[in-house]
Amino acid sequence: MASKTPTISDPRVSLPGLDLKNPIMTASGTFGYGLEYASFGKLEDLGAIVVKGLSLKPRAGNTMPRIAETPCGMLNAIGLQNIGVERFLEEKLPALPHDTTPVIANLYACDAAEFGELAAALAADERMGALEVNVSCPNVAAGGQAFGQDPKQAAAVTRAVKDAAGDKPVMVKLSPNVADITTVAKAVADAGADMLTCINTLLGMAVDLKTRRPRLANVVGGLSGPAIKPVALRCVWQVCQAVDIPVIGVGGISNATDVLEFILAGAHAVQIGTANFMRPDTVFSIVNELPILMNGYGVMTLDDLRGTLET
Amino acid sequence: MASKTPTISDPRVSLPGLDLKNPIMTASGTFGYGLEYASFGKLEDLGAIVVKGLSLKPRAGNTMPRIAETPCGMLNAIGLQNIGVERFLEEKLPALPHDTTPVIANLYACDAAEFGELAAALAADERMGALEVNVSCPNVAAGGQAFGQDPKQAAAVTRAVKDAAGDKPVMVKLSPNVADITTVAKAVADAGADMLTCINTLLGMAVDLKTRRPRLANVVGGLSGPAIKPVALRCVWQVCQAVDIPVIGVGGISNATDVLEFILAGAHAVQIGTANFMRPDTVFSIVNELPILMNGYGVMTLDDLRGTLET
Amino acid sequence: MKSVKAPVYLRNIQCQELTVLDVVPFGQTSTGVTHCFALRLEDPGWSHWRPGQFVMVRHPSFGLELIWGRAFSISRLVSSGLSLFIQAQGRGSERLSAANPGDKVTVWGPLGNGFAIQDKRTLMLAGGVGIAPFLAYAENHPTPHKLELIFGHRLPLETYPFDNAKTLVPEMTVSSFHERSPEDLPVFLEMVDEAIMNHATSGLVLACGPTPFLRAVKQMAAKHGAMAQLSLENKMGCGVGACLGCVIKDTKGENVQVCSKGPVFWSHKIEL
Amino acid sequence: MKSVKAPVYLRNIQCQELTVLDVVPFGQTSTGVTHCFALRLEDPGWSHWRPGQFVMVRHPSFGLELIWGRAFSISRLVSSGLSLFIQAQGRGSERLSAANPGDKVTVWGPLGNGFAIQDKRTLMLAGGVGIAPFLAYAENHPTPHKLELIFGHRLPLETYPFDNAKTLVPEMTVSSFHERSPEDLPVFLEMVDEAIMNHATSGLVLACGPTPFLRAVKQMAAKHGAMAQLSLENKMGCGVGACLGCVIKDTKGENVQVCSKGPVFWSHKIEL
Ligand SMILES: Cc1cc2nc3c(=O)[nH]c(=O)nc-3n(C[C@H](O)[C@H](O)[C@H](O)COP(=O)(O)OP(=O)(O)OC[C@H]3O[C@@H](n4cnc5c(N)ncnc54)[C@H](O)[C@@H]3O)c2cc1C
Ligand SMILES: Cc1cc2nc3c(=O)[nH]c(=O)nc-3n(C[C@H](O)[C@H](O)[C@H](O)COP(=O)(O)OP(=O)(O)OC[C@H]3O[C@@H](n4cnc5c(N)ncnc54)[C@H](O)[C@@H]3O)c2cc1C
Ligand SMILES: Cc1cc2nc3c(=O)[nH]c(=O)nc-3n(C[C@H](O)[C@H](O)[C@H](O)COP(=O)(O)O)c2cc1C
Ligand SMILES: Cc1cc2nc3c(=O)[nH]c(=O)nc-3n(C[C@H](O)[C@H](O)[C@H](O)COP(=O)(O)O)c2cc1C
Ligand code: FES
Ligand code: FES
């Protein structure tokens with residue numbers, strides 16, 4: 001701890017169209033529709049709740065097996081199983097504390113037009129806090145990360161969502177499976193994205209020697225967890241140098257120290273993903289620990305720390 | 001263990017211009033010039049020895065700090081410190097068991113012409129077993145992974161080395177920091193590479209909250225170790241589907257089971273990198289364990305296992 | 001603002017640090033590799049739980065390397081503590097087997113739905129460590145004399161808490177079958193088939209064990225028209241219904257979470 | 001074929017599994033966070049070693065998560081075993097502090113070059129855990145009455161094996177300085193400066209401790225024209241000269257490995 005101060009640190013953060021109690025969001029697909037974790041802490045204590053990726057129609061997802069554990073990480077190929085936007089708005093959203101904590105939908109669609117339609121359906125609901133566009137899912141046959149690997153397509157999807165989103169803030173979630181993440185980041189920022197989320201999973205694979213089969217029915221899947229933290233941090237840092245819009249850091253964050261490291265590298269906020277599986281109260285513990293840790297480092301507000309990395 | 005058989009499994013493998021006792025090579029930069037590990041096992045027991053990346057002239061490398069530990073992995077930005085090709089051939093090569101175990105040089109240069117010159121210098125020495133071309137180093141200002149991210153440049157470097165290498169087999173080491181590794185793999189194979197090495201490190205970063213500085217003086221560095229195994233395995237599998245030349249798998253391999261997993265995914269041989277740091281006798285233990293493990297799985301020769309993954 | 005309500009099945013779940021009381025090895029096998037043990041933890045003090053429910057467990061030695069908790073059935077829960085019965089078969093269960101008394105493990109539960117308890121003749125079919133939840137089931141059953149346990153096992157009998165089951169609930173009928181070689185399997189399955197037939201009209205069948213075994217039970221139950229519940233052992237990421245990594249297809253073609261909608265399913269309602 | 005010869009400094013290195021005899025805590029601090037302990041291991045049975053050399057150590061709990069072994073000076077090596085003196089300051093040393101007697105740790109060594117042993121008045125300057133190698137040095141010195149140890153520390157004295165040093169080698173002169181606040185530092189450095197001056201003409205100066213301390217010693221040695229050796233504590237990847245992660249620039253401008261060419265360097269031959 002660099003220094004001790006008596007005043008209490010303030011973890012609040014302002015994002016385009018969103019004022020957050022703290023920079024801690026849940027990462028899409030790792031927190032269900034939120035309610036699954038309601039018995040482990042107060043959902044309204046979170047900065048924001050990003051729910052499982054939604055599509056226009058319900059999706060059954062990929063066949064099993066869908067997950068595999070790897071050193072300090074895991075692979076998933078869920079294939080965007082979800083109940084569809086309609087059931088989400090009817091059954092799940094009402095039970096979430098959307099008045100006090102922004103609820104953010106994560107959008108998946110097969111082309112730009114469908115993305116627009118989905119965005120319109122979600123943006124029409126005043127209870128939604130923001131839209132996160134998933135152009136980086138490695139686990140679906142159509143679209144998925146192909147959008148996020150091509151600056152032109154990513155920009156087209158961004159424009160379609162922005163046009164349909166009204167005044168709802170739009171964040172675009174980028175894929176790390178590219179040669180230069182800043183090219184896509186710039187294209188998406190120029191297309192009007194309000195924020196960027198970095199990063200989705202790395203494309204990986206695991207096999208089982210006994211059965212001579214892949215450990216995922218989908219063969220390849222997305223790598224997440226502490227293993228990828230160095231890649232996520234590098235992407236966040238690179239993207240923060242390249243664009244002027246806020247960046248939400250995600251990838252391998254498992255404690256409050258990790259959170260501050262991402263802020264130091266330039267992130268405005270962060271998302272907690274796989275660490276929710278390590279223990280179901282992780283995200284609530286991080287929310288509690290963050291101001292104490294900030295205090296320990298003599299950091300009064302996140303603005304004081306953000307992007308102050310000396311390189 | 002799938003079945004038990006009384007006969008002894010045979011771990012030998014044939015590669016273009018190289019007959020190996022077993023598929024276990026050391027990964028460049030993780031085994032020094034070989035001699036550093038001579039007290040932990042018999043160097044002549046190894047399949048092949050790939051030495052630290054060499055350049056025409058000695059290089060001092062990057063400033064310190066150069067390494068950082070991450071969950072199940074490490075970052076390095078050594079910056080290709082090496083004694084240069086001349087001193088290597090004079091001082092190091094004579095002490096290596098090049099008569100019984102192929103010694104493979106790893107080549108780094110700033111442009112195609114310099115790569116050719118370096119290849120010529122090494123190929124002229126009959127004691128050299130093969131040349132491995134590093135077009136994927138993320139830790140140097142000039143060239144480095146930029147070559148490996150661009151199919152055209154990678155092909156040009158490959159041709160320059162092939163032209164200068166005479167009858168020495170040439171393997172080209174690919175970068176995972178691309179959108180589609182098969183594009184570069186095909187370009188390099190078409191340009192005449194005899195083998196491909198997959199993969200070099202992932203670009204990553206780590207920071208220190210106390211000092212607010214990057215943990216590497218170079219800011220970013222290459223991520224290696226068990227953390228990246230799923231990415232390496234995926235790259236090997238993808239490249240094996242895409243090209244007809246043998247692939248050498250590398251990335252996160254730390255035991256004999258990992259080795260067989262890479263062979264199952266299609267690799268002809270493998271390299272052990274960061275695991276040498278976990279304990280200095282790792283590579284020798286793997287050589288010893290491999291035939292026993294093959295036996296346990298009822299695998300008589302590596303040809304029986306290679307690429308038999310049922311997808 | 002509406003109040004935040006978790007689905008019923010999630011209301012009582014807690015995530016706690018529990019102290020390890022001890023690790024009791026059960027009949028070491030000759031190879032020394034695969035072994036079973038009881039992990040005894042302090043009483044979590046839950047207000048409600050049902051036999052057939054399970055917990056997710058992490059030992060501090062999992063560190064950041066092992067991402068997921070490991071799922072274990074509640075094998076016994078009395079005021080002196082919570083017992084899990086564990087077969088070491090991989091990285092996580094091995095690290096748990098090395099736990100020391102006094103260590104704190106992270107436990108979240110009680111998870112899932114649990115077995116039906118009905119005032120009927122009830123047949124418990126256990127394969128290997130699948131015996132674990134039936135100890136709790138028998139011990140908490142209102143009419144234990146109506147219970148019959150058939151236990152199939154490959155490792156020696158003393159590797160499992162079979163004798164404990166007999167001692168704890170002397171009223172129930174028990175039998176065991178040692179499957180020494182693959183040829184023994186049909187003999188065992190015939191025994192199971194006959195028992196299921198006997199419980200078809202007025203009884204209840206419960207099964208826990210390896211998937212091929214459950215598949216056989218499902219077929220036999222369908223053949224004889226028996227009401228049967230199966231407890232599934234899919235690999236679990238989160239244990240709370242969030243990751244969708246543990247799903248099974250139900251007969252409506254929907255993928256449902258084994259951790260939160262199961263692990264116990266009516267045999268005729270799922271595809272296996 | 002030429003025979004394979006390792007460089008001299010690598011010839012004797014072994015990688016072994018050594019049994020943990022015990023972990024002896026030294027004066028717990030009030031916060032309970034930072035603490036020191038002696039890790040005692042069975043005798044590795046090396047044929048040669050020198051004080052100032054070190055070992056790389058891994059505990060099984062490092063698993064795949066902690067990649068590198070951790071470097072510790074040989075603090076004592078007698079027939080009853082090898083003692084390391086360790087300050088817990090991070091993930092690896094904390095896992096080592098939790099080792100149980102009977103655990104096997106992986107140890108490779110003896111590594112590096114070690115301190116010069118000369119028939120001269122020798123001043124040992126130790127900062128914090130930098131005291132570790134000087135126990136072995138003093139205990140194995142042919143003329144211990146020519147030795148003087150000056151020990152600067154921030155944690156309470158009983159946190160360190162200072163009394164052990166006095167007991168083991170009663171012939172040497174010892175003094176300690178407790179740096180309670182940053183203001184104490186100049187006082188301590190003045191004491192060190194005077195001692196170095198006293199050893200300048202016919203003596204030898206050895207220093208081990210945090211880098212800023214070594215930097216100060218280097219300057220003072222230069223000022224007084226004293227022959228001084230510094231033991232560096234760079235972070236190590238491999239410990240055997242292979243990874244080039246631990247290098248320091250020598251006065252010729254070359255980057256040399258601290259693990260294999262050091263950790264002990266003549267003060268005037270390196271840049272710090
Ligand atoms: C609801 C439920 C209840 C359960 N109840 C019990 C119970 O009461 N008792 C009990 O013993 N079990 C129970 N299980 C099963 C238990 O959860 C698993 O056995 C346990 O999670 C295995 O974890 P592990 O870390 O030991 O194995 P893992 O290491 O996770 O191994 C899992 C799989 O990975 C593979 N594997 C293992 N080791 C390696 C390796 N070193 N490298 C590569 N692959 C490897 C194997 O193929 C294995 O199938 C239950 C499961 C569920 C879902
Ligand atoms: C030749 C040599 C001899 C040595 N002899 C001794 C000796 O005799 N006794 C002794 O005690 N030490 C000795 N050391 C130092 C010792 O090697 C280090 O203290 C030890 O490696 C620290 O390992 P660790 O795993 O505890 O810390 P690590 O976890 O590796 O921490 C190292 C650095 O990482 C950072 N860090 C720590 N924890 C975290 C975290 N949770 N998250 C992020 N960053 C973190 C800190 O900034 C710290 O500086 C010696 C070193 C050398 C090179
Ligand atoms: C099981 C699982 C499901 C996921 N589903 C989605 C999803 O539906 N949409 C999305 O954008 N990202 C999804 N992700 C990616 C995460 O939101 C996150 O970007 C990634 O896991 C990296 O963060 P982490 O290392 O903290 O998990 C999923 C990740 C996991 C592990
Ligand atoms: C310290 C270090 C130095 C390396 N130096 C080189 C190098 O000089 N040339 C090269 O092609 N690869 C180099 N690499 C990459 C490795 O050869 C290997 O491709 C990578 O580390 C992935 O394998 P691993 O996970 O088994 O370490 C280096 C890796 C490390 C960790
Ligand atoms: S284990 Fe995550 S949904 Fe069941
Ligand atoms: S620690 Fe690897 S070269 Fe010194």
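So that the names make sense, note that chain A is the first sequence line, chain B the second, and so on, each numbered from 1. Being a predicted model, the structure only gives us computed values, none of them experimental. Scope of the values below: all heavy atoms of this structure, side chains included, with no hydrogens, waters or symmetry mates.
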Exercise for the section: Establish, for the pair D:Arg70 and D:Phe62, whether the NZ or CZ atom is under 6.0 angstrom from the six-membered ring centre and no further than 45 degrees off its axis. Expected result: yes
Handout entry: Toward chain D, the part of B:Met278 with a non-hydrogen atom under 4.5 Å
Key = both
Practice task
Could you label the plane-to-plane angle of the D:Phe213 and D:Phe188 rings as parallel, tilted or perpendicular, counting under 30° as parallel and over 60° as perpendicular?
Solution key: parallel
Handout entry: For D:Leu244 against B:Arg66, the heavy-atom pair lying closest together
Key = O-NH1, 2.9 Å
Handout entry: Residue part contacting chain B, namely of D:Trp68, when any heavy atom lies under 4.5 Å
Key = both
Exercise for the section: Classify the angle between the aromatic ring planes of D:Tyr160 and D:Phe85 as parallel (below 30°), tilted (30 to 60°) or perpendicular (above 60°). Expected result: tilted
Handout entry: Top contributor to chain B contacts, counting heavy-atom pairs under 4.5 Å, from D:Gly237, D:Cys246, D:Ala242
Key = D:Ala242
Exercise for the section: Indicate whether any N or O donor in one side chain lies under 3.5 Å from an N or O acceptor in the other, for B:Ser55 and B:Asn82. Expected result: yes
Handout entry: Part of B:Ala275 lying under 4.5 Å from any heavy atom of chain D
Key = neither
Problem - Side-chain H-bond candidate by donor/acceptor type, B:Thr197 with B:Glu132, under 3.5 Å - result: yes
Practice task
Sort B:Thr63 into side chain, backbone, both or neither according to what part of it lies under 4.5 angstrom from a heavy atom of chain D.
Solution key: neither
Fill in the blank from the handout: Turns out that what part of D:Leu66 lies under 4.5 Å from chain B's heavy atoms comes down to both
Practice task
Counting only heavy atoms closer than 4.5 Å, note whether D:Met236 contacts chain B via side chain, backbone, both or neither.
Solution key: backbone
Completion exercise
The interface call for B:Lys42 against chain D, heavy-atom contacts under 4.5 Å, is neither
Handout entry: Donor + acceptor pair across side chains of D:Lys104, D:Thr19 (<3.5 Å)
Key = yes
Practice task
Select, from D:Asn234, D:Val247, D:Thr106, the one with the greatest count of heavy-atom pairs under 4.5 Å involving chain B.
Solution key: D:Val247
